[in-house]
Trainee: 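Take a look at this one; I'll ask things after.
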Amino acid sequence: MIKVDSSALNKFSVEVGKLSDEIKDDVRKVVKNSAFNIERNAKSSVSVKTGHLKRSISTKIGDMEATIHTSNLKYAPAVEFGTRAHIIRAKNKKALYWKGATHPVKQVKHPGSKAKPYLIPAFEKEKDQFLEKLKEVIKW
């Protein structure tokens with residue numbers, strides 16, 4: 001999950017509460033546009049197997065913030081950051097079996113998976129433009 005939060009505008013030596021209503025509206029538009037750009041870029045770069053992860057990427061717009069997330073999809077962090085080697089054990093059955101396996105097994109040693117980032121690169125791609133647009137809106 002990546003959160004774009006414009007309430008931290010004190011880095012620009014400005015307190016959000018002191019901005020005029022017109023400037024606050026402009027900041028909200030910048031946040032909204034940047035958040036949807038991040039979502040679009042994340043969706044275009046996420047690796048697709050079934051499409052479930054891509055469909056789960058969404059944006060929630062708040063007052064002066066936006067959150068781009070994957071609807072709490074359990075494996076989303078594993079795709080973004082990769083995984084270490086680990087053991088997979090049968091949970092609901094006595095053994096694991098899949099098409100192509102020679103026989104059922106109680107556990108499998110998974111070698112781990114390589115990271116395939118999609119949210120962080122999308123954020124990094126938008127970050128500089130987001131800050132520049134905020135500077136323009138605040139008339140820095």
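No hydrogens, no waters, no symmetry mates; every other heavy atom, side chains included, goes into these values.
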Trainee: A side-chain contact here means heavy atoms from C-beta on lying under 4.5 Å apart; do Q129 and E132 qualify?
Mentor: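 No - every pair of side-chain heavy atoms lies 4.5 Å or more apart.
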
Trainee: Is the shortest heavy-atom distance from the side chain of F130 to the side chain of V31 under 4.5 Å?
Mentor: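 Yes, close enough: below the 4.5 Å cut-off.
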
Trainee: Atom NZ in K54, atom OG in S45: separation rounded to 0.5 Å?
Mentor: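 That separation rounds to 9.5 Å.
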
Trainee: Assess the residue pair H110 and I87 against the criterion (side chain to side chain contact (heavy atoms under 4.5 Å, CB included)); give the C-alpha distance rounded to whole Å, side-chain angles, the decisive distance to 0.1 Å, and a yes or no.
Mentor: CA-CA 6 Å; H110 190 287; I87 294 176; over 6 Å; no

Trainee: Flag the pair E136 and K133 as a salt bridge only when some basic side-chain nitrogen lies within less than 4.0 angstrom of an acidic carboxylate oxygen.
Mentor: no

Trainee: Can you tell me how far NZ of K125 sits from OG of S34, rounded to the nearest 0.5 angstrom?
Mentor: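 Here the interatomic distance stands at 12.5 Å.
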
Trainee: Does the S56 side chain pair with the main chain of L73, one donor and one acceptor, at a distance under 3.5 Å?
Mentor: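 Pair absent, no side-chain N/O of S56 close to backbone of L73.
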
Trainee: For K74 and P77, which heavy atoms make the closest approach, and how far apart are they?
Mentor: O-CD, 3.4 Å

Trainee: For the atom pair OG1 (T59) and CZ (R40), what is the distance rounded to the nearest 0.5 Å?
Mentor: 9.5 Å

Trainee: Taking the side chain as everything from C-beta on, heavy atoms only, tell me whether I120 gets closer than 4.5 Å to F81.
Mentor: yes

Trainee: Quick one, I68 and F123 - any side-chain contact, counting heavy atoms below 4.5 Å?
Mentor: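 No. Closest side-chain heavy atoms not under 4.5 Å.
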
Trainee: Name the orientation class of the two ring planes belonging to Y75 and H52 (parallel below 30°, tilted from 30 to 60°, perpendicular beyond 60°).
Mentor: tilted

Trainee: I would like to know whether K29 and D26 meet side chain to side chain contact (heavy atoms under 4.5 Å, CB included); could you show each step before the answer?
Mentor: CA-CA 5 Å; K29 287 177 190 172; D26 290 342; 4.3 Å; yes

Trainee: Would you call T70 and L53 a side-chain contact if the rule is heavy atoms closer than 4.5 Å?
Mentor: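 With C-beta onward as the side chain, the pair touches.
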
Trainee: Start with the C-alpha distance between F36 and I61, add both sets of side-chain angles, then the distance that settles side chain to side chain contact (heavy atoms under 4.5 Å, CB included), and finish with yes or no.
Mentor: CA-CA 9 Å; F36 284 120; I61 304 295; 4.1 Å; yes

Trainee: Would you please test W98 and V108 for side chain to side chain contact (heavy atoms under 4.5 Å, CB included) and show each step?
Mentor: CA-CA 11 Å; W98 58 95; V108 176; 3.8 Å; yes

Trainee: Could you tell me the separation between the OG atom of S113 and the CZ atom of R84, rounded to the nearest 0.5 Å?
Mentor: 12.0 Å

Trainee: Could you state the interatomic distance from CD1 (I38) to CD (E126), rounded to the nearest 0.5 Å?
Mentor: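 Reported value, rounded in 0.5 Å steps: 5.5 Å.
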
Trainee: May I ask you to test the I88-H86 pair for a side-chain heavy-atom distance under 4.5 Å?
Mentor: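 They are in contact (side-chain heavy atoms under 4.5 Å apart), so the answer is yes.
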
Trainee: Just so I know, are the side chains of M64 and V27 near enough to count as touching, which here means a heavy-atom distance under 4.5 Å?
Mentor: yes

Trainee: Side chains of K116 and E80: does their closest heavy-atom pair fall under 4.5 Å?
Mentor: no

Trainee: I need the minimum non-hydrogen distance between A42 and L119, along with the two atoms involved.
Mentor: CB-CD2, 3.9 Å

Trainee: Between NZ of K106 and CG of L96, what distance do you get to the nearest 0.5 Å?
Mentor: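 It comes to 10.5 Å.
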
Trainee: Using every non-hydrogen atom in the two residues, find where A35 and A66 come nearest and quote the distance to one decimal.
Mentor: CB-CB, 3.4 Å

